[in-house]
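Below is one structure; the comments refer to it alone.
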Amino acid sequence: AALLNRHFVPVKLDRELHPALDAYLIGFVERTAGQAGWPLNVFLSPEGYPMLGLTYAPPEHFSSLLGRVSRAWERQPAKLAELARRAAAERAAEGRATRRDAEGATALAERLKAQALAFGDDLAGGFGNQSRFPMAPKLEALLSLQARAPDPELGAFLATTLDAMLRLGLRDHLGGGFFRYTVDPDWRTPHFEKMLYDQALLAPLYLRAAQVLERPAYRAVARETLDFMVRELRGEGGGFLSSLSALDGAGVEGGYYLWRAEELDRLLTPDQKGLLALVWQLEGPPRHEAGLLPVSGVDLATAARRLGMRPADAERQLTEARERLAAARAGRTLPRDDKQLAGWNGLALSALAAGVRAFGEEAYRQAGSALRDYLVERLWDGQRLQRAVSDEGPIGEAGLEDYAFVARGLKDWGLATGSQQDLALAERLVGIAWERYHVDGGWRLADSALLPGIPLEPALPDGPLPSPAAVLMRLSLEGDDQRHRDLAREALPLSAGAVSESPFPFADHAALLIDPPGDR
């Protein structure tokens, strides 16, 4: 800290309150270092142009780096500042939109599918060869491909991925909900943080996958995820909280979710312990320092047969064991990030609308109605959205993702409930988003750039969250406002160059180019 304060001006940002700035700096580090993530550290010139970026480094490594950067700046500040400024200008020029005729839908669909399968792990499911994220927007786009033209290889990959996500360490088998990611490619070791947006995206994903892949069991996972979201993430006033911490109240990573053998001995009967050893693999040496994590083992019928139990007795014992563990876990503490972000809550409203349509649950209807009121009455002032609010007033600044996701949530809720008022407000938010965030054929994520050199983008990639530009264009093409439809039809070809060359990072955009709603 002393070294930082002596040679630098340290600025700490909450990336969830400044998503546009975070996306820009993440992109810079990805291009210059090959990969990026959080914690994110970026050195800027005094004018605000990025010069060097990295993720976590041990203290001794980071101290050494601070020394090298400060010495380099003392020797040639003008040269380094000019290099940073020139690199930003070149990056902005690269991103300028150029109109390109979209290739045929079939050819683009084949390229998207080929890239996804090339990045995919056909044995374990998921993408890449290190950490495993749900990547719900990409799976949603691939489900659209599968629904449009069923393909055995793609269908098998999707089923393998969705099965691994629900069976292994990504999912909380006792309390429901999904963790943010697993640190290993086998889906076994989660990073124990739970994000609102993952629940809001994965519940509808499993509902749709149940239909497209003809896997009715996925509906139960969707319902469990919605139940978790309503039970554990609702905050005061009807909005939903951002996340649950990976660290428990004692600072132990995963401590809220893990079980030591002596705890299981104390809480469960021998029959229950034997049953969970098979059904949840709760036995043997723990993979985690703080204990064992429930993951799917054999099915209940197989476990009962192996233990010589009647199926009805096994089901009763499993239910009682779950209740005992849940009661014990309720006595633990888990810190929460209580920010109620507009965009993420818009996604949650879409998920609750899907739950109302699929299950008719009154609990989802009540939660969705309260959330709708929170968005409209607390975060919308009649002229603009707020990113979030506190007792002291607005915090952060709403951006493109907030307008796109809240508009989508209100439209989905309006269609589920028949509210013309919500449909009208959704259309109004779509219009505001076009005015504020689509400029000279490119997209910007925020009203004002906190740093110079942030380029306009002809297409915005999806990541853990859907591409807000693709969401906005889809809403426009599906809507009744002719002007919004015309804007989307004008903007969509401008994204074709970036998307056609490499559709996998832009799966949401690619899905629009392959099957534009207005062409149906």
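In this structure, the side chain of Gln272 engages the main chain of Thr269 through a donor-acceptor pair within 3.5 Å. Using modelled atom types, one side-chain atom of Ser144 and one backbone atom of Glu140 make a donor-acceptor pair closer than 3.5 Å. Side-chain atoms of Asp313 do not come within 3.5 Å of backbone N or O of Met309 as any donor-acceptor pair. Checking side-chain atoms of Trp280 against main-chain N and O of His173 turns up no donor-acceptor pair under 3.5 Å. Although no hydrogens or angles enter the test, the distance criterion places no donor-acceptor pair under 3.5 Å between the side chain of Arg365 and the main chain of Thr417. Counting only distance, with no hydrogens or angles, the side chain of Glu214 and the backbone of Ala210 share no donor-acceptor pair below 3.5 Å. In this structure, the side chain of Gln115 engages the main chain of Phe504 through a donor-acceptor pair within 3.5 Å. Under the 3.5 Å distance criterion, the side-chain polar atoms of Arg219 are matched with a main-chain donor or acceptor of Ala358. For the pair Asp172 (side chain) and Leu174 (backbone), a donor-acceptor distance under 3.5 Å is present. Using a distance-only test at 3.5 Å, with no hydrogens or angles considered, a donor-acceptor pair links the side chain of Tyr403 to the main chain of Leu385.
Within 6.0 Å of CD in Glu153 there are 12 or fewer heavy atoms belonging to other residues, nucleotides or ligands. Residue Glu236 places its CD atom among 12 or fewer non-hydrogen atoms of other residues, nucleotides or ligands, all under 6.0 Å distant. Heavy atoms from other residues, nucleotides or ligands lying under 6.0 Å from CD of Glu315 number 12 at most. Residue Arg336 qualifies as open at atom CZ: its count of foreign heavy atoms under 6.0 Å is 12 or below. By the neighbour-count criterion of 12 heavy atoms within 6.0 Å, atom CZ of Arg378 is sparsely surrounded, having that number or fewer from other residues, nucleotides or ligands. For Glu262, the CD atom sits in a packed shell: over 12 heavy atoms of surrounding residues, nucleotides or ligands are nearer than 6.0 Å.
Between atom CZ of residue Arg324 and atom CG of residue Leu264 there is a gap of 12.0 Å, rounded to the nearest 0.5 Å. Met473 contributes atom CE, which lies 5.5 Å from atom CG of Leu512 (distance to the nearest 0.5 angstrom). Note that CE of Met195 is 8.5 Å distant from CG of Leu465, once rounded to the nearest 0.5 Å.
In this structure the side chain of Leu276 never reaches within 4.5 angstrom of the side chain of Gln317, judged on heavy atoms. Taking the side chain as every heavy atom from C-beta outward, Asp198 and Arg180 approach each other to under 4.5 Å. Within the 4.5 Å cutoff, the side chain of Asp422 has heavy atoms near those of the Arg372 side chain. Side-chain contact check for Arg15 versus Trp38: some heavy-atom pair is nearer than 4.5 Å. Counting heavy atoms from C-beta on, the side chains of Glu361 and Val356 never come closer than 4.5 Å. Met229 has its side chain out of reach of Arg234: every pair of non-hydrogen atoms, C-beta onward, lies at least 4.5 Å apart. Residues Thr225 and Tyr206 have side chains not in contact (no heavy-atom distance under 4.5 Å, counting atoms from C-beta outward). Between Lys273 and Glu283 there is no side-chain heavy-atom pair separated by less than 4.5 Å.
Judged by a 6.0 Å distance limit and a 45° cone about the ring axis, Lys194 is not positioned over the six-membered ring of Phe178. Stacking of Arg223 on the aromatic ring of Phe359 is recorded, both the 6.0 Å distance cut-off and the 45° axial limit being met.
With sequence neighbours left out, Val42 forms a side chain to side chain contact (heavy atoms under 4.5 Å, CB included) with Leu25, Phe28, Val29, Leu40, Leu44, Pro50. Taking Arg266 as the reference, nothing meets the salt bridge (Lys or Arg N to Asp or Glu O under 4.0 Å) condition, with sequence neighbours excluded. Under the salt bridge (Lys or Arg N to Asp or Glu O under 4.0 Å) criterion, Arg387 pairs with Glu401, Asp402, sequence neighbours left out. Not counting sequence neighbours, the partners of Asp337 by the salt bridge (Lys or Arg N to Asp or Glu O under 4.0 Å) test are Lys339. With sequence neighbours excluded, no residue forms a salt bridge (Lys or Arg N to Asp or Glu O under 4.0 Å) with Asp338.
Results of the ring pair (Phe, Tyr, Trp, His ring centres under 6.0 Å) test with Phe127 over Phe157, Tyr181, Phe133 single out Phe157 as the only residue that passes.
A salt bridge links Glu224 with Arg171: at least one charged nitrogen is closer than 4.0 Å to a carboxylate oxygen. Using a 4.0 Å cut-off between charged nitrogen and carboxylate oxygen, Asp151 and Lys113 count as a salt-bridge pair.
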Checklist entry - Is there a side-chain hydrogen bond (donor to acceptor under 3.5 Å, both in side chains) between Asp163 and Tyr218 once you walk through the steps? => result CA-CA 9 Å; Asp163 285 348; Tyr218 287 170; 2.8 Å; yes

Next on the checklist: Pair Glu263, Arg332 - check salt bridge (charged side-chain N to carboxylate O under 4.0 Å, His left out), show working.
Outcome noted: CA-CA 13 Å; Glu263 290 180 292; Arg332 302 172 178 178; 3.1 Å; yes

Checklist entry - Between Glu320 and Arg316, does a salt bridge (charged side-chain N to carboxylate O under 4.0 Å, His left out) hold up when you go through it step by step? => result CA-CA 6 Å; Glu320 184 177 336; Arg316 186 178 67 256; 5.8 Å; no

Checklist entry - side chain to side chain contact (heavy atoms under 4.5 Å, CB included) between Leu168 and Thr182: does it pass, once the steps are laid out? => result CA-CA 10 Å; Leu168 300 174; Thr182 65; over 6 Å; no

Item to check | Intermediate values then yes/no, side chain to side chain contact (heavy atoms under 4.5 Å, CB included), Phe405 and Leu429 | outcome: CA-CA 10 Å; Phe405 299 163; Leu429 294 177; over 6 Å; no

Next on the checklist: Applying side chain to side chain contact (heavy atoms under 4.5 Å, CB included) to Trp259 and Arg329, what does each step give before you reach the verdict?
Outcome noted: CA-CA 10 Å; Trp259 301 94; Arg329 204 168 85 169; 4.2 Å; yes

Checklist entry - Can you list the steps and then say if Leu202 with Val221 is a side chain to side chain contact (heavy atoms under 4.5 Å, CB included)? => result CA-CA 9 Å; Leu202 289 172; Val221 177; over 6 Å; no

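Between Leu108 and Pro503, the closest heavy-atom pair is CD1-CB, 4.0 Å. A pairwise comparison of heavy atoms in Ala314 and Ala304 identifies CB-CB, 3.6 Å as the closest pair. Thr160 approaches Ala124 most closely through the heavy-atom pair CG2-C, 4.0 Å.
Note on ring orientation: taking the six-membered ring where Trp is involved, the planes of Tyr257 and Phe192 are parallel (angle under 30°, cut-offs 30° and 60°).
Side-chain contact check for Asn41 and Tyr56: no donor-acceptor pair (N or O, by modelled atom type) lies under 3.5 Å. Under the 3.5 Å distance criterion, with hydrogens and angles disregarded, no donor-acceptor pair is assigned to the side chains of Ser467 and Asp508.
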Compile the donor-acceptor pairs under 3.5 Å between side chains in residues 284-299 and protein atoms, sequence neighbours left out, one pair per line.
unit_1	atom_1	unit_2	atom_2	d
Ser296	OG	Arg167	O	3.2
Asp299	OD1	Ala301	N	3.1
Asp299	OD1	Thr302	N	2.8
Asp299	OD1	Thr302	OG1	3.1
Asp299	OD2	Thr302	OG1	3.1

